Amino acid sequence: MELVRERIDTAALTQGVKAGGDGAVCVFDGIVRDNTRGRRTLHLDYEAYEEMALKQMRELAAQAVERFGVREVTLVHRLGRLVVGETSVLIVVASAHRGAAFDACRWVIDTLKKTVPIWKKEQFVDGAVWADGEPFPDDIAGDAS
Amino acid sequence: MELVRERIDTAALTQGVKAGGDGAVCVFDGIVRDNTRGRRTLHLDYEAYEEMALKQMRELAAQAVERFGVREVTLVHRLGRLVVGETSVLIVVASAHRGAAFDACRWVIDTLKKTVPIWKKEQFVDGAVWADGEPFPDDIAGDAS
Amino acid sequence: MPATMRVRVRLFGPLREWEAADEGGRELPLGARVSDLVAALRGDGGLPEKLLMASAVAVNQEYAMAGRVLEDGDEVAILPPVSGGRR
Amino acid sequence: MPATMRVRVRLFGPLREWEAADEGGRELPLGARVSDLVAALRGDGGLPEKLLMASAVAVNQEYAMAGRVLEDGDEVAILPPVSGGRR
């Protein structure tokens, strides 16, 4: 589990995980899109509450292994400035069977987006805005409201 | 869409698909496991009804684009002899959003396994057997029974 | 002179292992259907019934139903349950 | 001499944009809870109410409920809805 400021080497991370008992690897590669609801994106700036984000990412990976019975979960998120086409988050799940690999991979990205303290500011041609973010799940929301 | 006899270059195929509007790439990498139900595998031999398999793979990819609204589906299957750890099938789906990418990727592998005419013979330490295969879906089963 | 036609029969996967697996042309009466060809193969013996029961048929590289009428020159493939991909 | 303690307040994401965003220590009565700290920040003005309403709180890098009692030296982070990953 890592927070990095350099390019994420998808190929190396994907190759690195395979082991003999694996029959399926499911990869999610989240990349910077050239627009948000039609507004043209120039770049994104990601920032994190780093100590906490890392802790959460480690917990997420461990929970995924336990819940779905997959062998291994690798999770890397990039911080700093990213341009269109670059990978912001990479999740690699290796498992004996494909169903668990898909389920775990999807659960990790869905949960990460709701709970791991990372924020992004989008720079458009005509201004910059912080992305809205997703509402916190109920078990977290006892809170600043 | 391809049937190949050489190693599948997962990294190259995965890198090649991204375009500016993509926000998510979901990859399924099916690899030769070292055992089937605990019996140790030495290698697998895949064979296909090639003309028909290619046709079916092209149709599958086109249907996935239409059903799930993803931008692009790449589907490669290897034939011939494969050893443990090698990729037998690779599916890469690029899409603006992650939900569609996951759904399409999973649908393609699930449907491929039931309908694309490819068979595998498993060589174990103590003998070789053709894999059982999955029963055909109802819309195909009017048939040799 | 009887009205007949020839179709090309192809067997795949585990079905190739049996001796009966002649992959050649086969003579059938005009108007014969997929089910007639399957009955003829069954009549030959040599192909395991259980596998035949589980198999699908393709005519000219498309899945075909039992009632499909065959034409002279058709390629008919008997396809055991497929097992591509990986679990 | 009043019984007080100091906690470290940290703001992230869009909350950093406001002038009120002093990231320093903050004095609170002993026994104060997460909700008391949030009320104090709210009392300062300067932080947008809508964003504050939608935010979660972490104490020492773990999400914490409003009733959580704070201790001297705690690190308390106010976390606007997160937006990592990619859609």
Side-chain angles (χ1 to χ4, degrees), chain A residues 7-38 40-42 44 71 82-110 112-113 120 131, chain B residues 7-38 40-42 44 71 82-110 112-113 120 131:
Chain A
R7 281 181 77 91
I8 293 176
D9 188 345
T10 306
L13 286 163
T14 306
Q15 294 302 316
V17 296
K18 294 180 194 174
D22 296 336
V25 174
C26 182
V27 178
F28 176 76
D29 186 347
I31 50 192
V32 177
R33 230 189 357 246
D34 62 6
N35 76 90
T36 293
R37 287 181 285 276
R40 191 155 76 82
T41 301
L42 294 179
L44 299 185
R71 189 184 55 79
L82 277 76
V83 298
V84 170
E86 291 190 315
T87 294
S88 56
V89 60
L90 184 75
I91 300 167
V92 184
V93 178
S95 173
H97 300 282
R98 74 180 186 282
F102 273 108
D103 290 343
C105 193
R106 187 159 192 170
W107 180 83
V108 169
I109 181 63
D110 287 350
L112 176 143
K113 285 186 63 71
K120 65 167 173 275
Chain B
R7 280 182 77 91
I8 293 177
D9 187 347
T10 306
L13 286 163
T14 306
Q15 294 303 318
V17 296
K18 294 181 194 174
D22 297 336
V25 173
C26 182
V27 178
F28 177 76
D29 186 346
I31 51 192
V32 177
R33 227 186 3 244
D34 61 7
N35 76 90
T36 294
R37 287 180 286 277
R40 191 156 73 84
T41 301
L42 295 178
L44 299 184
R71 189 184 56 79
L82 278 76
V83 298
V84 171
E86 291 191 316
T87 294
S88 57
V89 60
L90 184 75
I91 301 167
V92 184
V93 177
S95 172
H97 300 282
R98 74 178 187 283
F102 273 108
D103 290 343
C105 193
R106 187 159 192 169
W107 180 83
V108 169
I109 182 63
D110 287 350
L112 176 142
K113 285 187 62 71
K120 66 166 171 276

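Chain identifiers are assigned alphabetically (A, B, ...) following the order of the sequence lines, protein sequences preceding nucleic acid strands; residue numbering begins at 1 within each chain. Note that this is a predicted model, so its numbers are computed, not measured.
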Participant: Suppose we screen for side chain to side chain donor-acceptor pair (under 3.5 Å). Which residues come up paired with B:Gln15, at least two apart in sequence or across chains?
Facilitator: none
Participant: Tell me whether B:Arg33 contacts the main-chain N or O of A:Ala96 through its side chain, where contact means a donor paired with an acceptor under 3.5 Å.
Facilitator: yes
Participant: If we define contacts as heavy-atom pairs under 4.5 Å, which of A:Asp22, A:Asp110, A:Val84 has the most with chain B?
Facilitator: A:Asp22
Participant: Give the ring-plane orientation class for B:Phe102 versus A:Phe28, where under 30° counts as parallel, over 60° as perpendicular and anything between as tilted.
Facilitator: parallel
Participant: So, taking the atom named CZ in B:Arg106 and the one named CZ in A:Arg106, what distance separates them when rounded to the nearest 0.5 Å?
Facilitator: 9.0 Å
Participant: Evaluate the side-chain proximity of A:Asp29 to B:Val27: yes if any heavy-atom separation is below 4.5 Å, no if none is.
Facilitator: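 With C-beta onward as the side chain, the pair stays apart.
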Participant: Give, as side chain, backbone, both or neither, the part of A:Asp9 having an atom under 4.5 angstrom from any heavy atom of chain B.
Facilitator: neither
Participant: Taking all non-hydrogen atoms of both residues into account, name the closest pair between A:Val25 and B:Ile31 and its distance.
Facilitator: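 The answer is CG2-CD1, 3.8 Å.
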